[in-house]
Amino acid sequence: MVLSSQITPAEGVPILFPTPSAAALSLSIAARAARSAVELRTFLQFSPAIGPGGTVQNLNSSLTSKLFDYFENCSVAVLFSIQALEAYCNYKIAYTLNGELAIERDGKQIMLSPLKVERGLSIDEKLGEVLPRLLSVPTPKGRAVW
C-alpha cells in the first residue's frame, strides 16, 4: 500500500501519484541549491582594489549576475533546509503525539492538541522541547549542534 495524492489539472483528467515526503522533498531542493551555489562560486573572479578601509577584493563586474544567482541559491538552500526540519517535526508530532501536550506559556501550563503543536509552536520549540519529549531523547539545546 502506498499513500497517494490526486490532483486535477486544468485539462480535467485526474492525475494520481505517490505522495512525496515533505521533509525529503525540501531537503532535496536544499541540497540541489547548495550544489548549484558551490558551482556558481567557482565562476566568481576578484581583483585587488582600494576600499574605504584599505585593500579589498573587487568582483569582476561582468559576473554580477553570477554573484546574485549564487546569493539566490544560498537563500534557497537555507530556507528549504529549515523547511525540511519543520516538515520532519510536524510529521513526527502528527504520528507520535497521542492526545494533548502540556506547554508552559507565561508561567502557566497550557494544553495543546497535536494540530496546535504543529501550527502554533516555533521550530526552536519543536526541535528543542517537543521532539525530545516525544522521542525520549535529550534536547540538543546548549550543545554544539544547536
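All values derive from a computational prediction rather than experimental measurement. Every heavy atom of this structure was used, including side-chain atoms; hydrogens, water molecules and symmetry mates were not.
- Around OH of Tyr95, the count of heavy atoms belonging to other residues, nucleotides or ligands within 6.0 Å does not exceed 12.
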Exercise. Can you check side-chain hydrogen bond (donor to acceptor under 3.5 Å, both in side chains) on Asn60 and Ser62, steps first, answer last?
Worked result: CA-CA 6 Å; Asn60 177 332; Ser62 69; 2.8 Å; yes
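- Looking at every heavy atom in both residues, Gly128 comes nearest to Thr139 through O-OG1, 2.5 Å.
- Leu27 and Ile82 end up in different hydrophobic clusters when Ile, Leu, Val, Met, Phe, Trp and Tyr side chains are linked at under 4.5 Å.
- Under a cut-off of 6.0 angstrom, the local environment of CZ in Phe46 is crowded, with over 12 non-hydrogen atoms contributed by other residues, nucleotides or ligands.
- Annotation for Ala102 and Arg133: closest pair O-NH2, 3.0 Å, computed over non-hydrogen atoms.
- A continuous path of Ile, Leu, Val, Met, Phe, Trp and Tyr side chains, each step under 4.5 Å between heavy atoms, connects Val78 with Ile123, placing both in one hydrophobic cluster.
- Hydrophobic clustering (side-chain heavy atoms under 4.5 Å, transitive across Ile, Leu, Val, Met, Phe, Trp, Tyr) groups Val137 together with Leu97.
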For this session: Go through the steps for Lys126 and Glu118 under the test salt bridge (charged side-chain N to carboxylate O under 4.0 Å, His left out), then give the verdict.
Result: CA-CA 8 Å; Lys126 292 175 189 177; Glu118 286 181 48; over 6 Å; no
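- Side-chain contact between Leu40 and Leu67: absent, with no pair of heavy atoms (C-beta onward) separated by less than 4.5 Å.
- Residues Thr64 and Leu59 share a closest heavy-atom pair of CA-CD2, 4.0 Å.
- Heavy atoms of other residues, nucleotides or ligands lying less than 6.0 angstrom from NZ of Lys116 number 12 at most.
- Nearest heavy-atom pair across Ile50 and Val56 is C-CG2, 4.3 Å.
- When side chains are defined from C-beta on, Lys92 does not count as touching Leu134, because their heavy atoms never get closer than 4.5 Å.
- A side-chain hydrogen bond (donor to acceptor under 3.5 Å, both in side chains) check over residues 14-43, counting only residues at least two apart or in different chains, returns the pairs Ser5-Thr19.
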